[in-house]
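A quick write-up on the structure given underneath.
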Amino acid sequence: MRRATENEQADDAAAAGGGTAVRGHTVSGALRSCGAALRRRFRAGDLGSLPIVLVLATVWIVFQCLNGNFLSPRNLSNISVDIVGTGLIAVGIVFVLLLGELDLSVGSISGLAAAVFAVLNVNNGVPEWLALILAVLTGTAAGAVQGYSCARTRVPAFVLTLAGLLTWNGVMLAVLGTNGTVNLDEHGLVADLTDYYFTNDAVAYCLAAVCAGAVFTFSYLDRRRRTAAGMPHRTLRHIALRTGAIAVVAFVSAYLLNRFQGLPLALLIFLAVVAGLDVLLRHTHYGRQVYALGGGVEAARRASLNVIGIRTAVLAVSGTMAAIGGLFLASRITSVSQTSGSGVLLLNAIAAAVIGGTSLFGGRGTTWSAVLGMLVIQSISSGMAITDTPSAAQLVITGGVLFAAVVIDALSRRSQEARGRA
Amino acid sequence: MPAPPLLALRGVCKRFGAVEVLKDVDLEIHAGQVVALLGDNGAGKSTLVKVISGVAPADKGVIEWEGRAVHIRRPHDARDLGIATVHQDLALCLNLDVVGNLFLGREIRRFGFLDEMAMESRTIELLGRLTRAVPELRAPVVSLSTGQRQTVAIARSLLGDPRVLLLDEPTAALGFEQTTEILDLVDALRDRGMGVLLISHNLGDVKALADRAAVLRLGRNNGFFNVNTVSQEQIIASVTGATDNVPRRGTSYEARW
Ligand SMILES: Nc1ncnc2c1ncn2[C@@H]1O[C@H](COP(=O)(O)OP(=O)(O)OP(=O)(O)O)[C@@H](O)[C@H]1O
Ligand SMILES: [Mg+2]
């Protein structure tokens with residue numbers, strides 16, 4: 001057995017502080033200590049988001065070489081709005097995948113929610129905000145019903161939600177009626193969701209500063225508490241480096257977005273939801289239960305967790321996110337039709353979560369994987385459109401990336417288990 | 001009048017489908033005593049532990065806590081009474097790290113959020129009491145060895161300051177040093193007034209540590225012994241059935257074939 005001091009922060013402290021390996025107050029020292037932490041994680045079979053970031057970089061470089069407009073502010077801004085609808089649905093999928101389950105009904109639920117909104121608001125004159133809330137609640141209810149029956153009957157969720165896929169699709173057709181397509185108010189609340197930009201440059205920059213500041217403050221406070229208690233902690237250099245990296249990404253994005261139309265409201269909402277749910281999953285009691293259930297139902301049950309409650313809640317979250325995503329998708333085209341929520345939407349949402357690094361086997365992943373995965377998928381599709389590549393190639397390439405993601409997932413799981421067996 | 005036992009089972013029955021795994025089982029655990037539960041593979045020892053810990057509630061029979069009849073229907077009930085369990089299969093969440101497993105279901109919170117620091121420092125303290133070889137705290141449990149996992153499971157059971165501890169073969173996968181550490185720990189816990197039920201196939205450990213021994217055979221009681229006075233041969237005879245205390249059961253079991 002190894003000592004507790006082997007854990008990440010302690011090792012960094014040893015490496016960057018008075019340790020024998022690395023000395024000096026240099027950036028390279030901090031880089032090396034981060035590198036050591038990463039290497040240890042890789043050996044443990046946890047590649048984190050490194051593969052996906054590499055894939056994204058490759059995709060961007062390749063398309064930029066093929067067409068100089070790919071990395072233009074305009075195109076990047078469009079990508080950042082296009083990922084939101086499906087991305088929100090993928091966030092819900094992440095929750096379900098964490099349980100080791102799959103939700104096949106999210107496409108239909110997103111269409112249903114959009115239809116509910118359109119029919120209430122456009123056809124029946126219900127105020128937009130109320131119709132919006134009711135549409136989202138429709139998704140929540142649909143998900144909760146599926147979750148509860150899945151937990152009660154112990155039927156795997158993918159089977160039960162397959163029934164949901166058909167049912168909700170039928171309900172949506174019934175809600176829409178025979179008139180087919182409903183056009184939304186071009187200047188309404190829902191249309192604004194994907195059409196509003198904060199044209200004032202200051203908004204994007206302030207937000208970037210707030211993000212970096214928040215990351216720094218929380219890491220610093222945590223470090224101070226740990227130091228006071230004599231616990232292993234991150235070095236200041238590690239914190240500075242982390243904050244620096246986040247600040248660079250945030251400010252570069254803000255700069256690029258401002259070069260086009262400013263920060264899109266849709267992107268702001270998406271990132272806020274992802275960050276909020278990430279905190280919920282990783283830093284609250286509720287989230288810990290979700291991970292635990294994904295790591296072993298029997299273990300969770302014996303620790304007196306409420307298995308039925310958690311299952312229901314998770315599928316309710318997935319239904320809610322599907323509904324919200326559906327509204328963003330409707331907003332993008334300002335209309336709802338019988339084909340809303342159908343086609344490759346469901347597959348893209350699942351693929352995004354998996355490509356982003358959430359494990360299909362349950363218990364591993366974060367909501368940020370929805371963002372990363374969607375960025376890859378949308379970049380490929382946008383690059384294909386820009387370079388006039390046939391959509392056949394697009395499907396094959398996205399499929400290839402998904403295949404690679406699944407293989408990496410399975411391999412990292414295997415290597416973890418192999419280590420444990422020793 | 002002597003104090004009632006901390007935990008007493010009277011006539012407990014448990015069946016899985018058509019199989020009657022436990023039949024009219026009696027058992028008493030007193031404060032400050034170690035009771036060894038012995039029996040061959042498949043005798044029903046783990047099932048008895050699951051009954052007491054609320055994982056597989058009893059079908060029939062009475063469970064008394066300090067002389068008062070109680071119902072244990074869920075793991076929650078047992079935990080509220082002060083019963084902690086180390087299951088034979090450990091029941092750990094493999095994807096969570098050591099700290100996450102220790103505090104699963106009773107996380108320490110601060111402003112509504114998980115207080116990782118407090119949990120981590122408590123974990124270090126607990127594991128430090130248990131063993132000199134503390135595993136990596138932030139690695140997922142799946143990457144720990146079986147022995148390390150066993151240590152984690154034992155640490156978890158001690159977390160809520162339980163009054164009765166059920167240990168289902170706690171040292172099966174442990175090396176010599178770790179086994180000694182755990183047995184010393186059980187000794188110390190007994191001295192602090194805890195009641196311990198220890199399942200083990202190692203008669204040497206049982207002789208060294210236990211005060212009393214209860215033998216299960218084919219799901220029934222097959223004798224209670226005072227470990228200090230009984231010989232090892234007598235215990236073995238009772239475990240293997242050479243001296244069936246319930247001969248009727250033995251014959252009827254064989255008669256079915
Ligand atoms: N969930 C279950 N469903 C059906 N039968 C079960 C179940 N759990 C246990 N049994 C049966 O109950 C009997 C007793 O099992 P148990 O695990 O309690 O034995 P044990 O004494 O702990 O054995 P070991 O020493 O191997 O751990 C076995 O015959 C087993 O097949
Ligand atoms: Mg057993």
Side-chain angles (χ1 to χ4, degrees), chain A residues 1-11 40-41 43-46 98 100 222-223 225-226 228-233 279-280 282-289 291-306 359 361-365 413 415-422, chain B residues 50 53-55 74-80 85 87 89-101 103-110 112-118 120-121 123-124 127-128 131-149 151 156 175 178:
Chain A
M1 291 193 190
R2 294 149 90 191
R3 295 284 313 171
T5 48
E6 272 280 321
N7 83 44
E8 186 173 324
Q9 294 95 336
D11 205 278
R40 198 159 351 85
R41 274 180 49 191
R43 273 204 307 272
D46 179 11
L98 283 180
D222 182 58
R223 181 196 133 86
R225 241 184 112 217
R226 281 173 174 272
M231 302 263 301
H233 53 77
V279 170
L280 177 82
R282 295 195 303 136
H283 297 288
T284 69
H285 175 63
Y286 166 77
R288 183 55 57 82
Q289 295 184 319
Y291 280 103
L293 201 51
V297 183
E298 190 51 31
R301 211 169 71 82
R302 290 192 195 170
S304 18
L305 303 192
N306 175 359
S359 174
F361 304 104
R364 219 146 40 89
R413 183 182 153 91
S415 92
Q416 271 196 347
E417 279 175 354
R419 220 165 78 105
R421 245 182 266 126
Chain B
K50 286 181 190 161
S53 61
V55 172
R74 297 172 305 158
H76 199 91
D77 300 336
R79 193 166 87 184
D80 285 351
T85 315
H87 290 283
D89 58 6
L90 304 183
L92 297 171
C93 284
L94 296 184
N95 60 330
L96 296 185
D97 59 21
V98 174
V99 180
N101 265 292
F103 284 87
L104 185 56
R106 47 190 156 170
E107 291 87 357
I108 303 178
R109 280 173 250 187
R110 186 166 174 260
F113 296 98
L114 299 182
D115 188 349
E116 293 288 353
M117 197 209 88
E120 200 173 306
S121 80
T123 306
I124 293 175
L127 284 174
T131 172
R132 289 192 292 118
V134 176
E136 219 174 309
L137 292 188
R138 288 300 176 183
V141 165
V142 68
S143 66
L144 301 187
S145 76
T146 320
Q148 288 175 315
R149 292 182 198 182
T151 311
R156 175 166 81 176
Q178 276 80 22

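Residue numbering restarts at 1 for every chain, and letters A, B, ... go by the order of the sequence lines.
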**Message:** Using the rule given for side-chain contact (heavy atoms from CB on, under 4.5 Å), can you reason through B:R79 versus A:R302, listing the C-alpha separation, both sets of side-chain angles and the distance that settles it, and then say yes or no?
**Reply:** CA-CA 10 Å; B:R79 193 166 87 184; A:R302 290 192 195 170; over 6 Å; no
**Asked** Less than 4.0 Å between a side-chain N and a carboxylate O, is that true for B:E116 and A:R288?
**Response** yes
[X] versus chain A, heavy atoms under 4.5 Å apart: side chain, backbone, both or neither?
| X | value |
| --- | --- |
| B:D115 | side chain |
| B:D89 | side chain |
| B:L92 | backbone |

Taking all non-hydrogen atoms of both residues, which atom of [X] and which atom of [Y] are closest, and how far apart?
| X | Y | value |
| --- | --- | --- |
| A:M231 | B:M117 | CE-O, 3.6 Å |
| A:A292 | B:C93 | O-SG, 3.3 Å |
| B:G105 | A:L305 | CA-CD2, 3.7 Å |

**Message:** With chain A as the partner, which of B:K50, B:E107, B:R106, B:R156 has the greatest number of non-hydrogen pairs under 4.5 Å?
**Reply:** B:E107
**Asked** What residue, out of B:V55, B:L94, B:L96, has the most heavy-atom pairs lying under 4.5 Å from chain A?
**Response**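 Option with the greatest count: B:V55.
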**Request:** Begin with the C-alpha distance, continue with both residues' side-chain angles, and end with the deciding distance and a verdict on side-chain contact (heavy atoms from CB on, under 4.5 Å) for A:E298 and B:H87.
**Result:** CA-CA 11 Å; A:E298 190 51 31; B:H87 290 283; over 6 Å; no
**Item:** Between A:A300, A:A299, A:G296, A:S359, the one whose heavy-atom pairs under 4.5 Å with chain B are most numerous
**Value:** A:A299
Tell me, for [X] versus chain B, whether the close heavy atoms (under 4.5 Å) come from the side chain, the backbone, both or neither.
| X | result |
| --- | --- |
| A:Q289 | neither |
| A:V297 | neither |
| A:A229 | side chain |
| A:R301 | both |

**Asked** Does B:N95 reach the main-chain N or O of A:Y291 with its side chain, forming a donor-acceptor pair under 3.5 Å?
**Response**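 Yes, the answer is positive, given that a donor and an acceptor are paired below the 3.5 Å cut-off.
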